[in-house]
Number of protein chains: 2
Amino acid sequence: MSKQAPTLAQVAKIAGVSQMTASRALNDKPGVSHETREAVLKIASDIGYVVNRSAQKLSGSRNGIIGIMTPVLDNHYVGELVVGVGRAARAQGYETLVYTLFDEDRHSHRSVLGLIKQFTDGVVAILPRESAYFNALAAANVPVVAIDQRCSLDGFPSVSVDSYGGAVRAVEHLAQLGHTRIGFVGGDESIEGVRDRRRGYLDALARLGLPSDPNLIAPGDLSQMRAFEAGSSLLALSEPPTAIFAVNDLSAFGVIAAAREQGLRVPRDLSVVGFDDIPMASQVHPPLTTIRQPFAQMGRAAVNTLLSQMENDDAIAPRIVLPTELIVRESTGPAPRYAVGTRRTKRSDHDRTTSR
Amino acid sequence: MSKQAPTLAQVAKIAGVSQMTASRALNDKPGVSHETREAVLKIASDIGYVVNRSAQKLSGSRNGIIGIMTPVLDNHYVGELVVGVGRAARAQGYETLVYTLFDEDRHSHRSVLGLIKQFTDGVVAILPRESAYFNALAAANVPVVAIDQRCSLDGFPSVSVDSYGGAVRAVEHLAQLGHTRIGFVGGDESIEGVRDRRRGYLDALARLGLPSDPNLIAPGDLSQMRAFEAGSSLLALSEPPTAIFAVNDLSAFGVIAAAREQGLRVPRDLSVVGFDDIPMASQVHPPLTTIRQPFAQMGRAAVNTLLSQMENDDAIAPRIVLPTELIVRESTGPAPRYAVGTRRTKRSDHDRTTSR
DNA sequence: GTGAAAGCGCTAACAC
DNA sequence: GTGTTAGCGCTTTCAC
């Protein structure tokens with residue numbers, strides 16, 4: 001079979017220097033002459049030496065690994081974030097290992113943290129709701145930064161996104177297109193980001209002098225199906241909206257499906273704006289106008305913050321809020337010209353009975 | 001600050017035994033009296049002892065961690081698999097760490113593998129296309145099992161799914177509902193699973209004595225948007241299909257969107273079957289009839305295979321193919337009664353001009 | 001059934 | 001600049 005992985009001792013021996021010198025050379029530490037360093041580096045590369053990060057960690061130093069803790073990654077939001085953090089970490093010379101929390105985990109906080117601590121120099125926690133882990137994290141004495149839409153956790157540096165501003169931007173965009181009846185499909189109000197979007201929607205309406213009709217707000221739960229229902233009910237109003245701002249992209253998809261189901265075309269008859277800009281948003285028809293969460297930037301911010309926490313243990317915990325960006329694609333267009341209430345013909349109602 | 005994590009030495013000292021005895025007790029190894037074991041366990045739990053898996057690994061033994069290598073997890077398929085493997089591993093007492101490969105990784109095969117090897121007892125590789133890593137994996141002498149739709153890699157144990165059978169099942173389902181003109185929206189043919197689905201579709205048609213019209217096969221690329229186009233073109237045929245089997249769920253969504261765009265209702269006017277059963281499939285409207293990939297089972301199979309490879313290094317590499325399951329939801333229904341070609345009125349064509 | 005010694009691969013601390 | 005020593009936390013091997 002393949003031989004054992006080369007060790008530092010072997011590199012040192014071949015180079016004819018001590019392990020320490022080899023170590024210093026490989027780690028870019030001072031105290032090695034230029035030639036010695038070059039020689040060591042060359043030999044290491046020749047024999048395919050790779051440091052053993054377990055040993056590195058065990059001996060009490062950094063090992064260049066950042067841990068990412070996530071809830072089960074079944075949603076796009078988390079997936080994008082993991083990629084964002086991963087790329088940013090790599091750019092800084094760090095590797096990244098993700099540890100997925102399953103719901104059954106409740107008991108094992110301590111051991112999970114132990115594991116993380118043994119393997120990594122610090123952790124980026126993408127924990128959406130339950131803060132139980134945060135307590136454990138706090139006790140574990142590991143550098144941590146939280147990425148979340150609602151990190152009101154004390155003492156942790158955090159990175160989040162300006163949901164409020166994004167919502168305002170979405171409504172403004174719609175208003176600029178001439179829409180005056182703008183609906184909102186919401187989500188789980190226990191999430192701070194969701195509440196912020198709702199507030200943003202309402203405030204923007206008010207600021208623009210547009211009517212804010214409670215009927216135009218439909219509850220959702222961030223899922224496509226629920227948004228389909230919400231959208232359907234909004235469109236069934238006697239004075240339906242000509243535009244809808246959905247709390248996330250998935251919900252926007254649901255709204256578009258509902259519109260189509262009623263014989264409406266997007267964006268001709270209904271404009272729709274989402275939130276997140278998950279990859280699918282640009283790959284559906286019509287490509288979705290949406291508020292982009294700056295995943296890459298969030299990753300970078302998280303990594304940088306983490307690194308500086310590692311340098312300076314007692315640094316004050318920053319709270320970084322990143323701006324969103326309006327991405328105009330093809331799901332929004334000018335408000336229809338027909339007067340409110342005189343909607344163009346829809347297919348007759350018997351046409352809409354459910355099948356099967 | 002929080003004190004240092006407790007070590008084995010501390011446990012042993014408190015228990016009044018040697019480290020070795022404590023170690024044996026904690027690892028369920030023979031050679032410890034019942035009472036001693038109980039005592040050690042109790043103390044360990046009391047002081048919150050957690051083994052250091054880095055040290056465990058360094059000292060040459062197993063550490064109970066399974067690595068999962070994945071391409072960037074931006075798609076549902078991979079996400080589900082990660083969850084499946086994670087759960088299965090946990091059920092066997094293993095922790096799981098996922099290492100995400102970024103495209104820029106090309107160079108670093110060796111170091112990645114080094115990293116993996118230092119931290120884990122074995123790895124589940126969810127590598128879709130490039131086998132470059134597989135070579136590295138082969139050379140690294142780490143137990144590996146591949147999960148993939150196309151693992152023709154030699155020597156590796158693999159777990160995959162019976163795409164062919166699934167496709168057959170999908171077509172049979174449609175035929176049973178009375179459909180005779182059944183279309184297919186395909187995907188990237190470089191993926192074995194995709195080719196299998198196409199073959200299954202064709203063979204099932206032949207076996208059922210249904211016409212197999214080349215026009216009824218539209219190319220796709222597994223994305224929703226491309227499937228939207230493919231579906232649109234299929235539905236624009238002079239003799240359009242009354243049912244479409246899409247190569248994956250995302251494509252099925254695209255087809256449904258296309259149908260709606262043309263004023264057709266699903267399933268009344270068009271039945272659609274997907275493949276995968278990603279979580280979204282049940283959360284859209286209408287809930288999607290689809291061929292389920294048994295993600296949980298795949299995870300279990302992968303983990304079990306990996307464990308037995310670990311036991312028995314030179315065991316022959318099994319090639320496990322798991323069956324799929326037809327999940328009937330609401331996107332499929334009886335074939336429309338009207339004769340082929342006398343399609344019910346669609347909205348007039350000028351209605352379909354693109355906006356903006 | 002239990003323990004002592006040695007070592008996994010590395011780096012911090014202190015020589016020289 | 002470079003080398004030596006010690007030790008991270010654990011498990012192996014070999015005693016008893």
Side-chain angles (χ1 to χ4, degrees), chain A residues 3-41 43-44 47-65 111 114-121 141, chain B residues 3-41 43-44 47-65 111 114-121 141:
Chain A
K3 32 197 164 171
Q4 283 308 309
T7 71
L8 181 61
Q10 295 173 33
V11 175
K13 190 165 166 210
I14 299 181
V17 298
S18 73
Q19 279 198 41
M20 263 328 289
T21 302
S23 170
R24 286 192 266 252
L26 289 162
N27 293 307
D28 258 331
K29 295 242 168 108
V32 190
S33 74
H34 188 67
E35 304 101 49
T36 313
R37 169 162 292 147
E38 292 296 306
V40 170
L41 255 30
I43 290 168
I47 69 175
Y49 170 75
V50 178
V51 290
N52 185 320
R53 295 174 191 265
S54 278
Q56 237 171 352
K57 198 69 197 170
L58 190 57
S59 77
S61 77
R62 304 254 173 84
N63 70 352
I65 296 186
S111 62
L115 194 159
I116 287 280
K117 193 172 179 174
Q118 295 154 9
F119 283 121
T120 71
D121 295 343
N141 201 24
Chain B
K3 35 200 159 161
Q4 283 308 308
T7 71
L8 218 209
Q10 294 176 33
V11 176
K13 190 164 168 212
I14 300 180
V17 297
S18 71
Q19 277 199 43
M20 261 331 289
T21 303
S23 171
R24 286 192 266 255
L26 289 162
N27 293 308
D28 258 330
K29 295 239 168 106
V32 190
S33 74
H34 188 67
E35 303 100 51
T36 313
R37 168 160 293 148
E38 293 295 306
V40 170
L41 256 30
I43 289 167
I47 68 175
Y49 170 76
V50 178
V51 288
N52 185 320
R53 296 173 189 264
S54 277
Q56 237 173 349
K57 199 69 197 169
L58 190 58
S59 76
S61 76
R62 303 256 173 84
N63 69 351
I65 295 186
S111 63
L115 193 161
I116 287 279
K117 193 172 180 175
Q118 294 154 8
F119 282 127
T120 70
D121 294 343
N141 202 23

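Throughout, a chain's letter reflects where its sequence line sits, starting with A, and its residues are numbered from 1. All values below come from the heavy atoms of this structure, side chains included, with hydrogens, waters and symmetry mates left out.
Relative to the side chain of B/Thr21, the nucleotides C/dC10, D/dT11, C/dT2 differ in distance, and C/dT2 lies closest. Comparing atom distances between the B/Val32 side chain and each of D/dG9, D/dC10, C/dT2 picks out C/dT2 as nearest. For B/Met20, the side-chain atoms get nearest to C/dA4 when compared with the rest of D/dG9, C/dA4, C/dT2. Closest approach to the B/Gln19 side chain among C/dT2, D/dG1, D/dT11 is made by D/dT11 (side chain taken as heavy atoms from C-beta onward). Nearest nucleotide to the side chain of A/Gln56, out of C/dG3, C/dC10, D/dG9: C/dC10. Distance from the side chain of A/Ser23 is smallest for C/dT11 among the nucleotides D/dC10, D/dT4, C/dT11.
Distances shorter than 4.0 Å separate some side-chain N or O of A/Ser33 from OP1 or OP2 on D/dT2. Residue B/Lys29 places none of its side-chain N or O atoms closer than 4.0 Å to OP1 or OP2 of D/dT11. OP1 or OP2 of C/dT11 has not a single side-chain nitrogen or oxygen of A/Ser59 nearer than 4.0 Å. Taking side-chain N and O atoms only, A/Thr36 has no distance below 4.0 Å to OP1 or OP2 of D/dG1. When the side-chain nitrogen and oxygen atoms of B/Asn52 are compared with OP1 and OP2 of D/dC8, none of them lie within a distance under 4.0 Å. Contact check, A/Ser54 against C/dG9: no side-chain N or O comes under 4.0 Å of OP1 or OP2.
Put simply, NE2 on B/His34 is 18 Å from C1' on C/dT2, counting in whole angstrom units. Remark: P of D/dG3 and NZ of A/Lys13 are 15 Å apart, rounded to the nearest angstrom. Across the protein-nucleic acid pair, B/Leu8 atom CG and C/dA4 atom C1' stand 15 Å apart, rounded to whole Å. Regarding B/Arg62, its CZ atom lies at a distance of 14 Å from the C1' atom of D/dT11, rounded to whole Å. Rounded to whole Å, atom P of C/dA15 lies 14 Å from atom CZ of A/Arg24. With rounding to whole Å, A/Leu58 atom CG is found 5 Å from D/dG9 atom C1'. Between the CG atom of A/Leu26 and the C1' atom of C/dA12 there is a distance of 17 Å, given to the nearest Å. Taking atom CG on B/Asn27 and atom C1' on D/dC10, their separation rounds to 9 Å, with Å as the unit.
In this structure, B/Asn63 contributes its side chain and B/Ile65 its backbone to a donor-acceptor pair below 3.5 Å.
Judged by closest nucleotide on DNA chain D, A/Ser18 is the one of A/Ser18 and A/Ala55 placed further toward the 5' end.
If you take OG1 on B/Thr36 and CD on B/Glu38, they are separated by 10.0 Å, rounding to the nearest 0.5 Å. Distance check, rounded to the nearest 0.5 Å: CD of A/Gln10 to CD of A/Gln19 gives 10.5 Å. The distance from atom OG of B/Ser111 to atom CD of B/Gln118, rounded to the nearest 0.5 Å, is 9.5 Å. Atom CD of residue B/Gln56 and atom OG of residue A/Ser54 lie 10.5 Å apart, to the nearest 0.5 angstrom.
No donor-acceptor contact under 3.5 Å links the side chain of A/Arg53 to the base of C/dG9.
Under the side-chain hydrogen bond (donor to acceptor under 3.5 Å, both in side chains) rule, A/Lys57 has a single partner from A/Asp121, A/Asn52, A/Thr120, which is A/Asp121.
Counting non-hydrogen atoms under 4.0 angstrom, B/Gly60 reaches nothing in the nucleic acid.
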